[in-house]
Amino acid sequence: MSSSAPPRLSELLDRTATRRDFIARASALSLAIPAVGAALTSCSPNAGGGADSTQTSQTPAGQAGDSLVHHNSDSRLDSALLKGRRPESSSLTDEAARGAERSVFNRYDPALPPAPANGRLQLHWHACEAPIRISDDTVVAAWTFEGNIPGPIVHCRVGDTVEFTLTNDSDIPHSMDFHAAQIDPKVAFRSVVKSQSVSFTFKPKWAGAFMYHCGTAPVLMHIGSGMYGAIVVSPREPLPAAKEFVIVESEFYLSNAARGARPFDYQKMLSTVPDFVTFNGRPNQYIKEPIRVKIGDRVRFWVVSVGPQHPCNFHVVGEQFDTVYLGAPPGTPIRGVQTWAVPPGGGMCFELLCDVAGEFPFVNHAFGHGQKGAIGILSVES
Amino acid sequence: MSSSAPPRLSELLDRTATRRDFIARASALSLAIPAVGAALTSCSPNAGGGADSTQTSQTPAGQAGDSLVHHNSDSRLDSALLKGRRPESSSLTDEAARGAERSVFNRYDPALPPAPANGRLQLHWHACEAPIRISDDTVVAAWTFEGNIPGPIVHCRVGDTVEFTLTNDSDIPHSMDFHAAQIDPKVAFRSVVKSQSVSFTFKPKWAGAFMYHCGTAPVLMHIGSGMYGAIVVSPREPLPAAKEFVIVESEFYLSNAARGARPFDYQKMLSTVPDFVTFNGRPNQYIKEPIRVKIGDRVRFWVVSVGPQHPCNFHVVGEQFDTVYLGAPPGTPIRGVQTWAVPPGGGMCFELLCDVAGEFPFVNHAFGHGQKGAIGILSVES
Amino acid sequence: MSSSAPPRLSELLDRTATRRDFIARASALSLAIPAVGAALTSCSPNAGGGADSTQTSQTPAGQAGDSLVHHNSDSRLDSALLKGRRPESSSLTDEAARGAERSVFNRYDPALPPAPANGRLQLHWHACEAPIRISDDTVVAAWTFEGNIPGPIVHCRVGDTVEFTLTNDSDIPHSMDFHAAQIDPKVAFRSVVKSQSVSFTFKPKWAGAFMYHCGTAPVLMHIGSGMYGAIVVSPREPLPAAKEFVIVESEFYLSNAARGARPFDYQKMLSTVPDFVTFNGRPNQYIKEPIRVKIGDRVRFWVVSVGPQHPCNFHVVGEQFDTVYLGAPPGTPIRGVQTWAVPPGGGMCFELLCDVAGEFPFVNHAFGHGQKGAIGILSVES
């Protein structure tokens, strides 16, 4: 274990202690002994992202929390309990609203970044709260990875090594669950409290578009408040040359604005009727500024459906998918598809041959969702 | 361009004009200069349908509306703005309710019509409003293609030529989006105002059951009010001989009756809890009058799921699907399936071998939807 | 026909009688002439289950009820009409609440039982009402097969013979619909009233995880109140050796407790927002007591999605499915899948290779549902 490792949660825990005692002690200790290497980077929408050179080794949490009631699957730390709040709460915190009026709209770049040349990704991300402007008239009080919704796009190849560290800048415990990793989630995906870090390493076994998200309880609240993104794993043998884009669809369930930002609302999430459904975190952003390709291009959409409640019924108006890969690409292609449902928590790879010029809207064809922002334009230019 | 072509929308438009100006001018012009060939056929439930000999060439709209805010993906004309109404409105218009009390129930024939022998379909349809009796006690105030819900079944083969013209008989702008066409939607699927027409030609590339629908904004309102149907594209190499039927599933979200007809209700559509879920536009119609085949028949259901919110979880009680084609038939068959979800905006091909006589209900096995009318009976007779 | 066969419904029915007359006469007769062989076994949570030696032959119902309005697909007997109640009712009956306070929590064993060695299953089950404790603080007033939710797991192989008899112990009519059977549902899946039995025999043609359920009208009420389960049909040629488990996901829509038990609520079912979503009938039961396997095991989950409204978006945290079979296993495998949606009324087969030790939560990744109980833990032990 490297010296930058955070204290094991097991070291904080009398195995016979009650959950509440555990949390009180964990919180106190995390303030007294901030992990080396944590909180070095400030979290703002434009600060973090991408790879950095800070590498921390994997830090098993041991048997932490075994005696606790499991409130959900992914975590031993429950944000609601830790914060002394009911889980039926909102995402509104001081940090999530700070400077909301001054936050500016930034289009989320859907282009797939290149995979690392050396087969190794080193990522040190921060979990933090931040106001995000999603349209001219709406700012949301978000919980984020790296200050954005979605978090950064990760791209690697099957068999590459991904070394990941999450440092928590927030008073709310957080964690990271990569769907591309095969790893003990009790250890790797455990929650950390403020200033603590968790690190793990994985080698993706299968190609595909995979979701990542915070798995801290209540998971619905953490996903629903903005903590998700996409990791795209390309096969070792390259797929046909294409213009490649990443679309992360997610639903926004919001309360009325407070302090300039609309909080995410847990009760509304449970009601299943969202206020917005977005591609890459902003309603209709690719109508205002389309995704542009050239005639003759093959276009590959890596689509991740976050939910947290509904599938993304992906469709391109005026086009048909040449290929949809049901399993890991290039496996099990199906051909000539108008619309395919990506389940919440799932991902899929869609290919188009752009042999006609024009403006082709891509939508969630459950049109109640399309109507709420899950529409963009693919502009095929000659 | 033939002489029957409507004026290009680009001709109506000062590129720097505001959207509202544009719409005012477009409306005025469409009244002053009705397109030749438009409004020749009156729209009634039994009037139109099928092919006719009026052939109009494809009419590109040019760059019309580029300077406008895109309110949705498929169209530059927004019915709510054009009518000076809030999009949160109902389908109730004078035409949609006229004669509602006298409207009679007509079973929708689910039989797949033959594909054209000469490889060419010429269709001239009208968009119009009409009351539709969907059961003994319910008439809906519908927006339609050719006066019916769904619109006519279109059947052709891969590579056939479909020449399509839509004339709008309604004060509300409308348009046509065929999921079987690969074509610039900005041109071909553009909205037209009253008395105007739009024409385009396409050659389906892939076999399958494809949705068609009005794509005018707000799309949810136009789909939700009845403007949809199925185009079935058979492969060039025939599939195994079968009795072939078309099932279009759609949800009905209705307000209370006014002037004898229940209007479709946009706000209710957004709530996602429908009043009826229907196969071919009438709840339970194939219980009253089943689909009849003979023992030994192979039965092929081409199922289109309109939504606009939910999938059709297609199932036949007492049977199992011999084959479901995931991609374009005959590609990627799967075997021995009890239930498969057709996503909203999607279509699929299901085959049964009827080697047992009996009455086999076909349902949406999300039984809250089955309970609301998405049930019919397949009667296998010896 | 064996002497133990119940009276044919056709014998009770004047073909020109009204539905209400029919039901009155059927009820009277069923009390006067209880079927031989019926009600031999008392129905309690621990009483029935598995195979028994009572064998009754298939009993065709003839043409019973042809003149009646079909209220749903699966049945000629409508529980609401028979009981003189509105279908918008609750599951609360005297029997469903009797002894609710004393009912104890029993974990539902998810292990797949062995298929019969002799290729023959003889099942005599009872439909009955019973209180079921699903958690420390919740008892539900259930309608059941064999006194449990779900009913017993059935396991056989393709081509085996399943001889099934259902005896109804309840004042409410019930029936049985096996999705693994290809059989005339009008006969085999017909409803029976109290003390009557229905018997039928089938030979599953396809491998897979199939739902069974009560198909009596209103079907939504009978499924929604607990009458469902799984029949797993293994292929003749064995799949790779694995630890095999059955997961039946279902939604619970409940009213407030009365007489110690929370009734299932038909109106709430229609609202589509459940109180609980469960794996095998109890929220979070496999968090408290995980499913345990050894490192190196292949794990096969046979997942049936009951709904009655939503799909099960099946996912295992920290793992990826090596294989999901889209059609009948071993057909059409797809590889490297994070999450796949099993539609309501459907079933699917998922395989994992457990080459990492740890605690792997399995969830419905529509996390509003995960949050309501559709979470368990797969413990991979070294």
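Letters A, B, ... mirror the listed sequences (proteins, then strands); counts begin at 1.
Put simply, the side chain of A:D177 never gets that close to the backbone of C:V317: no donor and acceptor are under 3.5 Å apart. Judged by distance alone, the side chain of C:Q320 and the main-chain N or O of A:H179 form a donor-acceptor pair under 3.5 Å. No side-chain donor-acceptor contact under 3.5 Å links C:Q371 to the backbone of A:A217.
Across A:A209 and C:Q338, no two heavy atoms sit closer than the pair O-NE2, 2.7 Å. Contact record, C:F360 with A:I183: CE2-O, 3.3 Å, taken as the closest heavy-atom pair. Between A:P343 and C:W340, the shortest heavy-atom distance links the atoms CG-CA, 4.4 Å. Shown here for A:T272 and C:V273, the closest heavy-atom pair between the two residues is OG1-CG2, 4.5 Å. Nearest heavy atoms, A:I223 versus C:H365: CD1-CE1, 4.0 Å.
If you measure heavy-atom distances from C:K372 to chain A, the contacts under 4.5 Å come from the side chain alone. Contact of C:A341 with chain A is made through backbone and side chain together, with heavy-atom distances under 4.5 Å. In this structure, chain C has a heavy atom under 4.5 Å from the side chain of A:M348, while its backbone stays farther away. When heavy atoms are compared at a cutoff of 4.5 Å, C:D322 approaches chain A by way of both its backbone and its side chain.
Atom NZ of residue A:K186 and atom CD1 of residue C:I377 lie 8.0 Å apart, to the nearest 0.5 angstrom.
Against chain A, the residues from residues 300-316 of chain C that qualify, each with a non-hydrogen atom under 4.5 angstrom away, are C:N313, C:H315 in number order. Taking non-hydrogen atoms and a 4.5 Å limit, the residue list of residues 323-332 of chain A in contact with chain C, ordered by number, reads A:L326, A:G327, A:A328, A:T332.
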Trace of the side chain to side chain contact (heavy atoms under 4.5 Å, CB included) decision for C:H369 with A:L220: CA-CA 9 Å; C:H369 295 162; A:L220 176 63; over 6 Å; no
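If you tally non-hydrogen atom pairs under 4.5 Å between each of C:G336, C:G370, C:G358 and chain A, the highest count goes to C:G336.
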